[in-house]
Every structure is written in structure tokens, then in C-alpha cells.
Amino acid sequence: MKYFLIVSLFICFFAINIFAQDSTQNSLKQNKFALQFQIGGNFTLRSFQGTIFSCKYHIYDNSALRFGFSLSSNTEIFHTENDNSRTNAEFHTFGINIQYIKYLKTVEDISLFVGTGPHYYRYFYKSSSSSSYASNNWYLGLSGIIGVEWFFKKNMSLSAEYGLLIYYQKYLDTNQSGNTTHNIESINTTDNDMLKFGISIYI
């Protein structure tokens with residue numbers, strides 16, 4: 001919850017400026033499209049909501065849809081020196097999240113917004129060896145966010161947001177014979193990776 005305190009102070013600081021200004025200078029316009037990047041450690045940029053593509057499309061001046069996609073696939077080969085055995089391991093992940101963003105108050109170059117939407121993520125792992133097994137894990141959830149966006153240029157902005165994610169998760173592991181070894185279902189709430197600082201470029 002320390003992240004919540006940080007973002008709350010950030011939002012309160014800018015909220016003071018929001019109600020003290022009266023003209024609008026931003027790119028929050030209908031049919032506007034924005035590419036979004038998350039600001040990580042050492043000011044490195046990465047995808048805002050997905051490892052491949054993150055974007056936002058304004059359906060109206062004060063509301064938008066935000067999309068994030070992630071996809072990865074990898075195959076690794078492990079050799080054991082003692083018995084010269086070889087293990088092939090395959091990793092595949094896929095994720096998609098969509099959020100409806102509503103701008104509650106926009107004055108000049110500062111905006112306060114909230115949002116919500118579904119998250120889906122799937123992870124698949126398979127190994128081929130004498131003790132091979134497969135793991136098929138996925139979750140489906142609903143997120144809620146609150147944040148502030150500041151336009152330091154008309155077509156570029158910095159943002160800070162905090163969110164929570166409630167999700168249903170299922171783990172299903174099977175062994176070489178196809179028998180289920182683990183079958184776990186759970187409902188969880190998390191704020192991990194839900195504190196984001198980002199930059200948006202409007203087109």
C-alpha cells in the first residue's frame with residue numbers, strides 16, 4: 001500500500017493545479033491515437049501494458065480505450081554432464097488487457113482519469129525428458145485504475161497511475177503419462193506492477 005500513498009500524493013498535488021486553471025491545451029480529442037511506453041528503472045522505456053504493443057484510442061474527447069498485447073515463445077536445451085542427457089523446454093506466453101479510460105476533469109494541460117477493464121494471461125511450459133511434464137497456467141481478471149496525465153507538449157504527455165487487479169487463476173500440471181499432478185484454482189487481489197509511470201505520444 002506504500003505505492004498507493006505515493007500515487008495519492010502525486011494526484012493530490014496535480015489536482016490542486018487542475019482546479020486552479022481554466023483553459024485546455026492537450027490532445028484529448030475524439031479519434032486521437034496514442035502510443036504508450038512505461039518508464040522503468042534508469043529511465044528506460046518499455047511497453048506500457050504489453051511486451052509487443054500498447055496504445056490508446058479516444059472514442060470521445062473525455063474517454064478512450066487502451067489496449068495492451070504480450071506474446072513470447074522460447075525453446076531451451078539443457079545438457080546434463082554426468083549422464084549426457086538432454087532436456088528440451090518450451091515456454092509460451094500470451095496476454096491481452098483492455099481498459100476503458102474516463103477523464104473526470106481536464107483543465108489546460110492536466111487530466112485526472114479512472115479506468116477499468118479485463119486482463120487475460122496464459123503461460124504454457126513443456127519439458128521433454130525422462131521426467132517430463134507440462135504446465136498450463138492462466139488467469140482472467142478485472143482491473144481498476146486512477147491516475148493523472150500531464151501534457152508537457154500538446155502531443156506528448158507524462159502519466160502516473162495506480163491500480164488493483166482482481167483475478168481468477170488456474171494451475172494445471174501434468175506428468176509424462178498425462179496424469180494431473182497439480183490442479184489449483186484461486187481468486188486473488190494484487191497491486192503488483194500496477195503502479196506505472198509512462199509517456200504517451202499522440203498521433
Side-chain angles (χ1 to χ4, degrees), residues 3-4 6-8 10-11 13-15 17-18 21 23-74 91-123 139-165 167 190-203:
Y3 295 135
F4 179 76
I6 294 172
V7 176
S8 297
F10 187 89
I11 291 172
F13 174 78
F14 283 103
N17 292 303
I18 285 176
Q21 303 174 52
S23 58
T24 301
Q25 298 293 332
N26 56 59
S27 289
L28 303 180
K29 307 297 180 185
Q30 185 175 4
N31 297 325
K32 272 288 187 178
F33 178 84
L35 293 175
Q36 296 190 295
F37 303 93
Q38 186 173 347
I39 302 174
N42 299 321
F43 298 98
T44 57
L45 296 181
R46 57 191 177 111
S47 181
F48 198 82
Q49 291 200 108
T51 57
I52 293 181
F53 188 64
S54 296
C55 66
K56 183 178 66 166
Y57 177 75
H58 275 263
I59 51 180
Y60 299 106
D61 289 359
N62 62 349
S63 59
L65 291 176
R66 191 167 72 183
F67 303 88
F69 303 92
S70 63
L71 180 66
S72 64
S73 182
N74 188 33
F91 305 84
H92 306 285
T93 65
F94 171 76
I96 181 171
N97 44 69
I98 303 171
Q99 290 170 328
Y100 172 76
I101 307 295
K102 177 70 174 180
Y103 288 85
L104 302 179
K105 183 70 176 179
T106 300
V107 181
E108 199 169 286
D109 54 2
I110 300 172
S111 301
L112 177 67
F113 64 86
V114 294
T116 186
H119 280 224
Y120 175 77
Y121 179 80
R122 185 167 184 175
Y123 167 81
Y139 77 68
L140 179 64
L142 181 68
S143 68
I145 61 170
I146 181 170
V148 169
E149 186 171 3
W150 168 51
F151 284 83
F152 61 94
K153 293 187 65 176
K154 189 167 184 178
N155 63 338
M156 297 182 71
S157 68
L158 293 173
S159 63
E161 67 179 58
Y162 175 79
L164 288 173
L165 176 65
Y167 62 97
T190 182
D191 58 359
N192 289 342
D193 202 32
M194 294 295 285
L195 173 64
K196 293 185 175 72
F197 297 95
I199 183 169
S200 298
I201 303 172
Y202 287 78
I203 301 172

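Because the structure is a prediction, the values reported are computed rather than measured. Note that the numbering runs from 1 along the sequence shown for the chain.
In this structure, Tyr103 and His58 have parallel ring planes: the angle between them is below the 30° cut-off, well short of the 60° mark. Ring pair Phe69/Phe67 is parallel by interplanar angle, where below 30° counts as parallel and above 60° as perpendicular.
In this view, Lys56 and Glu149 satisfy the salt bridge (Lys or Arg N to Asp or Glu O under 4.0 Å) rule, not counting sequence neighbours. Every residue was checked against the side-chain hydrogen bond (donor to acceptor under 3.5 Å, both in side chains) condition with Gln38, not counting sequence neighbours, and none meets it. With sequence neighbours excluded, no residue satisfies side-chain hydrogen bond (donor to acceptor under 3.5 Å, both in side chains) with Ser63.
One distance of note links CG of Leu164 with CG of Leu142; it measures 11.0 Å at 0.5 Å rounding. To the nearest 0.5 Å, atoms CZ (Phe113) and OG1 (Thr106) are separated by 10.5 Å. To the nearest 0.5 Å, atoms OG (Ser157) and CH2 (Trp150) are separated by 10.0 Å. One finds the CD1 atom of Ile39 at 13.0 Å from the NZ atom of Lys196 (value rounded to the nearest 0.5 Å). Remark: Ser54 OG to Asn97 CG distance equals 7.5 Å, nearest 0.5 Å. With rounding to the nearest 0.5 angstrom, the CE atom of Met156 is 11.0 Å from the CG atom of Leu35.
Here Tyr57 and Phe33 keep their ring centres 6.0 angstrom or further from each other.
Enclosure of atom NZ in Lys153 is not indicated, since only 12 or fewer non-hydrogen atoms of other residues, nucleotides or ligands lie within 6.0 angstrom. In this structure, Tyr100 places its OH atom where more than 12 heavy-atom neighbours from other residues, nucleotides or ligands lie under 6.0 Å away.
Shortest non-hydrogen contact noted between Ser200 and Gln36 is OG-NE2, 3.1 Å. Nearest heavy-atom pair, Gln30 versus Asp61, reported as atom, atom and distance to 0.1 Å: N-OD1, 2.7 Å. Here the closest heavy-atom approach between residue Ser143 and residue Thr116 is recorded as O-OG1, 2.7 Å. Closest approach of Asn26 to Lys154, counting heavy atoms only: O-CE, 3.5 Å.
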side-chain contact (heavy atoms from CB on, under 4.5 Å) assessment of Ile145 paired with Tyr162: CA-CA 6 Å; Ile145 61 170; Tyr162 175 79; over 6 Å; no
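In this structure, the side chains of Tyr167 and Tyr121 stay at 4.5 Å or more apart for every pair of heavy atoms. You'll find the side chain of Leu165 reaches within 4.5 Å of the side chain of Tyr139, heavy atoms only. Put simply, the side chain of Val114 reaches to within 4.5 Å of the side chain of Ile146, judged on heavy atoms. Using a 4.5 Å heavy-atom threshold, the side chains of Lys29 and Asn31 count as separate.
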